[in-house]
Amino acid sequence: MTPPKKRSTTRPAGQIRQSQIVTTFGPGAMVDLTDHAVIIAGLDHWAGYKDHPISEERLAAKVKALLGVPSIDFYAPPADRDDPNADVTGITAWLFPEWFVAQYEERNIATGARSRPLVSRMDLVKGSYERDRKKHRVVPVRFVQACLRGHVSDIGWQVFVHGNEDKCRRALWMDERGTSGDLTDITIRCECGKSKALSAATKLTDVPLGYCNGPRPWLGNFARERCGSSGAGAKIQVNRLLVRSASNAYFAQTLSVISIPEPAGALRQAVDSVWVDFLQYADSKADVARERKKQKVSAALDGFLDDEVWKDVERRKAGGAPVTRGIREVELETLLSARDQAGEDQPDGLFHARTIQIPKGEPLLTKKLRTVVKVHRLREVIAQVGFTRFEAAVADVNGELALEVERAALSLNQSWVPAVENRGEGVFVAFDPSAVQAWLVRPAVKTRGEQLISGFNAWKAFHPGVTANFPGLPYILLHSLSHLLITAVALECGYAASSIRERIYVGESGYGILLYTASPDAEGTLGGLVQAADRIDQYLREALELGQLCANDPVCAQHQPDNRQEERFLLGAACHGCLLLAESSCERRNDFLDRSLVVPTVDSDGAAFFDEA
């Protein structure tokens, strides 16, 4: 990452893992470095990214449709080069925010408040606050303003204290009482005598921070847009107080796919390897033949005829075959049909799955299983398509992002998006569709479903404008069981629970859970998770025992989803004592969980899928 000079780029001064850029610290994210606070610049300001192209056609087709662009490329975030004489690579970061709190303090004995100067970057002297001929270091202010469309900017502190009519420009101070850092204990005071509690900035009905004027500092100096211009009838948003380091300051919107064997997979992969540098410029079969004279192209296309290569080039230039099927649908069908796919369709073994005999140690549990698959090797590609603030917009049960969801742009010229590819292993468990359908028609299940839907509707009432749909009881059942299985498997498989991820499959093709570990390095393929398939019956038993009793029972088991006091609308019997996992493991940010659908609890036993266990 480049140092936070205003709108400039020099040699790298900080580093972040590539996978973190896509999921946590992408364009528009606010990051605290050792001496500065910065905002990650848009893709237009990244350098050296073309060194690491990533290809995944199924994902590209979905991203093109989502962003409404004719073509899209994937590149890994640029890595820093060890050679000091090489061209600069990396990600630019702009200084943000530009208001600071000086590390000079005055105490008010009467009130017990400590006061520190609140100063703009323009008032600093060589990066320091000067008072009485002494220099004091400064730290970035914790608070900025943002809107629901992702726009963000510094708070107009003078206007916040004085209002729009007062033109006072005297020095500002931040008065803090106590040690909690609570907004009610913080007051912004002007030396003219006027002051206002920072907690007033949270009262949206009074519009204390004004209306958003569309600032997008991560995209550069002239990237401001009109807030509300993204759709017909869109209203200009109110600025909201935002703590830079808060968990709701940045939510990356990502799409991911598991690479699966496809017809002509070997040819496509060969063309992939030389597409960016060579074949994308070919306009005829003769051009392909000319490019093959180059050593790298000749080695990559060895064994393929010019006619075959040219047909694949034509297909790519035409945008590829239109993809209408869901991301998860194709993956589920591949996993269900896995017999012994030893990677012949993909030369470097990107996917290797093998169906095994279902263990019979727990017949009451395993009779509801359809198949168990060992996934010895898999490749996951994750691409970031945008981001939101305040509220996360995650993919639906089919792995799709809604087209109408508003997202902040990653660049002014959306020709590519950042992506990472992870290699790993996993275990897939599919359930008998007839058992799921028989469970759904039980009266107790329908009653519990009505309670969960009531909670979902209460959540939608608290989030006006949200277009999300209830995922359905089969999804909540498998999602809850998946969390219990992750906890049970992690005790023995050699991976921490936070390293195991889930993909839930619910659709016409069937129902299943894929537990997998995927990492850019070798940690994703230790072999322990694959071997868990041989003892899946025992892990199911352990998972159900974990779910029957929570440390917070009976409070946890008796939680009603529509309880407006607790505001845990998307959860049934679920809490940190039983089902909630690290967000790196959960595909739905720990929403839509209820262990009473899986196993009998102290408050309910009629809705459990494994009621005979």
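Side-chain atoms of Ser256 and Arg503, non-hydrogen and from C-beta on, do get closer than 4.5 Å to each other. Annotation: side chain of Leu529 is in contact with side chain of Tyr495 (closest heavy-atom distance under 4.5 Å). Proximity of Cys493 to Thr517: side-chain heavy atoms (C-beta onward) are nowhere separated by under 4.5 Å. Leu209 is not listed as a side-chain neighbour of Val238, based on a closest heavy-atom distance of 4.5 Å or more. At a threshold of 4.5 Å between non-hydrogen side-chain atoms, the residues Asn248 and Arg240 do not count as touching. Side-chain contact between Ile258 and Thr334 is absent, with no heavy-atom pair separated by less than 4.5 Å. In this structure, Arg370 and Pro433 have side chains that are in contact, with non-hydrogen atoms separated by less than 4.5 Å.
Considering every non-hydrogen atom in both Arg328 and Ile504, the closest pair reads NH1-O, 3.0 Å. Heavy-atom minimum distance, Leu440 versus Lys446: O-CG, 3.8 Å. Here the closest non-hydrogen pair linking Val257 and Glu331 is CA-OE2, 3.4 Å.
Residue Ile486 holds its CD1 atom at 11.0 Å from CG of Leu579, rounded to the nearest 0.5 Å. Between Asp537 atom CG and Glu542 atom CD the span is 10.0 Å, to the nearest 0.5 Å. With values rounded to the nearest 0.5 angstrom, Leu242 atom CG is found 4.5 Å from Phe390 atom CZ. Atom CZ of residue Phe143 and atom CG of residue Leu183 lie 5.5 Å apart, to the nearest 0.5 angstrom. The CE atom of Met30 lies 9.0 Å from the OG atom of Ser245; values are rounded to the nearest 0.5 Å. Interatomic distance, CD of Glu502 versus CG of Leu478, reported as 10.0 Å (0.5 Å rounding).
The main-chain N or O of Leu580 is never found under 3.5 Å from a side-chain atom of Asn590 such that the two would form a donor-acceptor pair. Between the Asn457 side chain and the Ser454 main chain, no donor and acceptor come within less than 3.5 Å of each other. With hydrogens and angles ignored, the 3.5 Å screen pairs a side-chain donor or acceptor of Arg568 with a backbone N or O of Ala574. Under a 3.5 Å cut-off, the side chain of Lys368 and the backbone N or O of Phe609 do form a donor-acceptor pair. Here the side chain of Thr371 pairs no donor or acceptor atom with the backbone of Thr355 at under 3.5 angstrom. Listed for the Asp432 side chain is no donor-acceptor partner under 3.5 Å among the backbone atoms of Leu369. Not one N or O on the side chain of Ser482 forms a donor-acceptor pair closer than 3.5 Å with the backbone of Ile513. A donor-acceptor pair under 3.5 Å is absent between the side-chain atoms of His151 and the main chain of Cys212, judged by distance alone. Tyr250 places a side-chain N or O within 3.5 Å of a backbone atom of Pro27 that can act as its donor or acceptor partner. In terms of modelled atom types and a separation under 3.5 Å, the side chain of Asn552 and the main chain of Cys556 share no donor-acceptor contact.
Inspection of the Glu362 and Tyr539 side chains reveals no N or O donor paired with an N or O acceptor under 3.5 Å. A donor-acceptor pair shorter than 3.5 Å cannot be found between the side chains of Arg541 and Gln538. Of the N and O atoms on the side chains of Arg448 and Ser596, at least one donor lies less than 3.5 Å from an acceptor on the other residue. Of the N and O atoms on the side chains of Thr601 and Asp603, not one donor lies less than 3.5 Å from an acceptor on the other residue. If you check the side chains of Glu56 and Ser259, you find a donor sitting under 3.5 Å from an acceptor.
Aromatic ring centroids of Phe387 and Trp218 lie under 6.0 Å apart. Aromatic pair Phe462/Trp459: ring centres not closer than 6.0 Å.
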side-chain contact (heavy atoms from CB on, under 4.5 Å) between Asp32 and Arg244, intermediate numbers included | CA-CA 9 Å; Asp32 283 317; Arg244 290 187 297 105; 2.9 Å; yes
Walk me through it: do Arg442 and Asp611 pass the test side-chain contact (heavy atoms from CB on, under 4.5 Å)?
-> CA-CA 12 Å; Arg442 285 159 44 184; Asp611 58 338; 3.6 Å; yes
Kindly indicate, with the supporting measurements, whether the criterion side-chain contact (heavy atoms from CB on, under 4.5 Å) is fulfilled by Leu336 and Phe428.
-> CA-CA 9 Å; Leu336 288 174; Phe428 173 73; 3.9 Å; yes
When you look at Leu481 and Leu544, which way does the side-chain contact (heavy atoms from CB on, under 4.5 Å) test go after all the steps?
-> CA-CA 8 Å; Leu481 177 59; Leu544 299 187; 4.3 Å; yes
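Between Phe431 and Phe610, the angle of the ring planes goes over 60°, which puts this pair in the perpendicular group of the 30/60° scheme. Between His483 and His479, the ring-plane angle classifies as perpendicular under the 30° and 60° cut-offs.
For Glu567, the CD atom is densely surrounded, since the number of other residues' heavy atoms within 6.0 Å is greater than 12.
One finds a salt bridge joining Lys374 and Asp534 here, because a Lys/Arg side-chain nitrogen approaches an Asp/Glu carboxylate oxygen to under 4.0 Å.
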